[in-house]
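In what follows, a single structure is set out as structure tokens and then discussed.
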Amino acid sequence: MKYITFALGKGRLVNNTINLLNEIGIEFPEYHENSRKLIFEDEVNKIRIVLVKASDVAVYLERGAADIGVIGKDTLIESGANVYEMVDLGFGRCRFAVAGLPGTDLNKKRLVVASKYPTVTKQFFAKKGQLIDTIHLNGSVELAPLVGLSDCIVDIVETGRTLKDNGLVVLEDICEITARLIVNKASFKTKNQRINDLIQQIEASVSKKGDLVR
Ligand SMILES: Nc1ncnc2c1ncn2[C@@H]1O[C@H](COP(=O)(O)OP(=O)(O)OP(=O)(O)O)[C@@H](O)[C@H]1O
Ligand SMILES: O=P(O)(O)OC[C@H]1O[C@H](OP(=O)(O)OP(=O)(O)O)[C@H](O)[C@@H]1O
């Protein structure tokens with residue numbers, strides 16, 4: 001039997017994903033948080049996880065190097081990847097927001113917006129019919145309005161602590177974000193039965209957890 005390969009972003013979503021897979025009987029005996037290994041296998045169920053940079057998950061899927069991926073909805077939208085989005089996994093909950101110094105005028109002409117998510121940023125302001133100048137940063141985005149690099153930012157807010165510690169506030173909410181299970185379109189055809197079985201088990205496990213939270 002061929003392996004089914006999951007691409008997971010190294011980082012915030014890994015532990016929840018591995019716990020979820022454990023719950024449906026998929027085990028990676030060699031996996032531990034401090035390992036530097038990038039591939040782990042469940043030899044019994046013929047399932048493999050590959051640990052990639054979060055923003056590369058969609059690339060592995062689109063190129064057929066992985067069958068299934070777990071990715072934040074933020075990164076999925078930003079990638080514009082041509083994949084099937086199958087399950088809202090419920091974890092990795094946060095939101096997209098426009099943030100800046102209190103009192104920032106978002107309606108000013110030629111608003112300068114810094115973000116790790118230039119596509120999301122452009123789409124959001126385009127929908128409002130507003131012309132903006134987007135600056136693509138790779139991290140520490142909250143710094144931009146503090147040093148005059150931008151008027152505001154589009155970024156992820158989870159606890160709100162990063163904004164607060166830097167004297168920034170949410171100026172406008174954009175949307176909620178959770179982790180999503182995505183599937184390579186060709187794999188969905190060629191490994192249909194096994195992928196569907198996995199999805200059903202994952203959905204059952206996710207909805208059981210949802211019931212507990214409710
Ligand atoms: N506080 C948070 N900051 C960033 N992402 C969060 C947060 N809380 C939940 N998430 C979700 O977790 C996903 C993975 O985050 P992670 O930090 O592992 O990757 P990343 O933001 O792409 O980081 P990097 O650029 O360092 O690889 C995000 O895409 C988002 O959906
Ligand atoms: O609302 P909070 O709980 O404070 O979380 C939000 C912060 O976390 C993320 O940054 P990350 O740690 O990924 O750092 P980077 O984007 O600067 O690399 C995000 O870009 C925010 O800065």
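In listed order, ligands and their atoms are each counted from 1.
The nearest pair of heavy atoms linking Ala99 to Leu163 is CB-CD2, 3.7 Å.
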Present, as a list of atom pairs with distances to 0.1 Å, all nitrogen or oxygen contacts under 3.5 Å between ligand 1 and the protein.
| residue | atom | partner | partner atom | Å |
| --- | --- | --- | --- | --- |
| ligand 1 | 1 (N) | Glu158 | OE1 | 2.9 |
| ligand 1 | 3 (N) | Arg12 | NH1 | 3.4 |
| ligand 1 | 8 (N) | Glu158 | OE1 | 3.4 |
| ligand 1 | 17 (O) | Arg12 | NH1 | 2.7 |
| ligand 1 | 18 (O) | Arg12 | N | 2.9 |
| ligand 1 | 25 (O) | Lys116 | NZ | 3.4 |
| ligand 1 | 27 (O) | Lys53 | NZ | 3.0 |
| ligand 1 | 29 (O) | Asp74 | OD1 | 3.0 |
| ligand 1 | 29 (O) | Asp74 | OD2 | 2.8 |
| ligand 1 | 29 (O) | Thr75 | OG1 | 3.1 |
| ligand 1 | 31 (O) | Asp74 | OD1 | 2.6 |

Check each N or O atom of ligand 2 against all protein N or O atoms and list the pairs under 3.5 Å, with atom names and distances to 0.1 Å, one per line.
| residue | atom | partner | partner atom | Å |
| --- | --- | --- | --- | --- |
| ligand 2 | 1 (O) | Glu158 | N | 2.7 |
| ligand 2 | 1 (O) | Thr159 | N | 3.1 |
| ligand 2 | 1 (O) | Gly160 | N | 2.7 |
| ligand 2 | 3 (O) | Thr159 | N | 2.8 |
| ligand 2 | 3 (O) | Thr159 | OG1 | 2.5 |
| ligand 2 | 4 (O) | Thr162 | N | 2.9 |
| ligand 2 | 4 (O) | Thr162 | OG1 | 2.5 |
| ligand 2 | 12 (O) | Arg12 | NH2 | 3.0 |
| ligand 2 | 13 (O) | Arg12 | NH1 | 3.0 |
| ligand 2 | 16 (O) | Lys116 | NZ | 3.3 |
| ligand 2 | 17 (O) | Ser140 | N | 2.7 |
| ligand 2 | 20 (O) | Asp155 | OD1 | 3.2 |
| ligand 2 | 20 (O) | Asp155 | OD2 | 2.9 |
| ligand 2 | 22 (O) | Glu142 | OE1 | 3.4 |
| ligand 2 | 22 (O) | Glu142 | OE2 | 2.6 |
| ligand 2 | 22 (O) | Asp155 | OD2 | 3.4 |

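By the 4.5 Å heavy-atom criterion applied to side chains, Glu33 and Val14 are not counted as neighbours. The shortest side-chain heavy-atom distance between Gln123 and Ile77 falls under the 4.5 Å cut-off.
Lys116 and Asp155 are not joined by a salt bridge, as no carboxylate oxygen comes within less than 4.0 angstrom of a charged side-chain nitrogen. One finds no salt bridge joining Glu176 and Lys73 here, because no Lys/Arg side-chain nitrogen approaches an Asp/Glu carboxylate oxygen to under 4.0 Å.
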Between side-chain atoms of residues 129-141 and protein atoms elsewhere (two or more places apart, or another chain), which donor-acceptor pairs fall under 3.5 Å?
| residue | atom | partner | partner atom | Å |
| --- | --- | --- | --- | --- |
| Gln130 | NE2 | Leu106 | O | 2.5 |

May I have the list of side-chain donor-acceptor pairs in residues 144-152 shorter than 3.5 Å, sequence neighbours left out?
| residue | atom | partner | partner atom | Å |
| --- | --- | --- | --- | --- |
| Ser150 | OG | Cys152 | O | 2.8 |
| Asp151 | OD1 | Lys108 | NZ | 3.0 |
| Asp151 | OD2 | Lys108 | NZ | 3.3 |
| Asp151 | OD2 | Val112 | N | 2.7 |

Practice problem: Please step through side-chain hydrogen bond (donor to acceptor under 3.5 Å, both in side chains) for the pair Thr119 and Glu78, ending with a clear verdict. | Solution: CA-CA 6 Å; Thr119 304; Glu78 185 64 30; 2.9 Å; yes
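Figure legend: cation-pi geometry between Lys127 and Phe125 absent, as NZ or CZ is not positioned both under 6.0 Å from the six-membered ring centre and within 45° of its axis.
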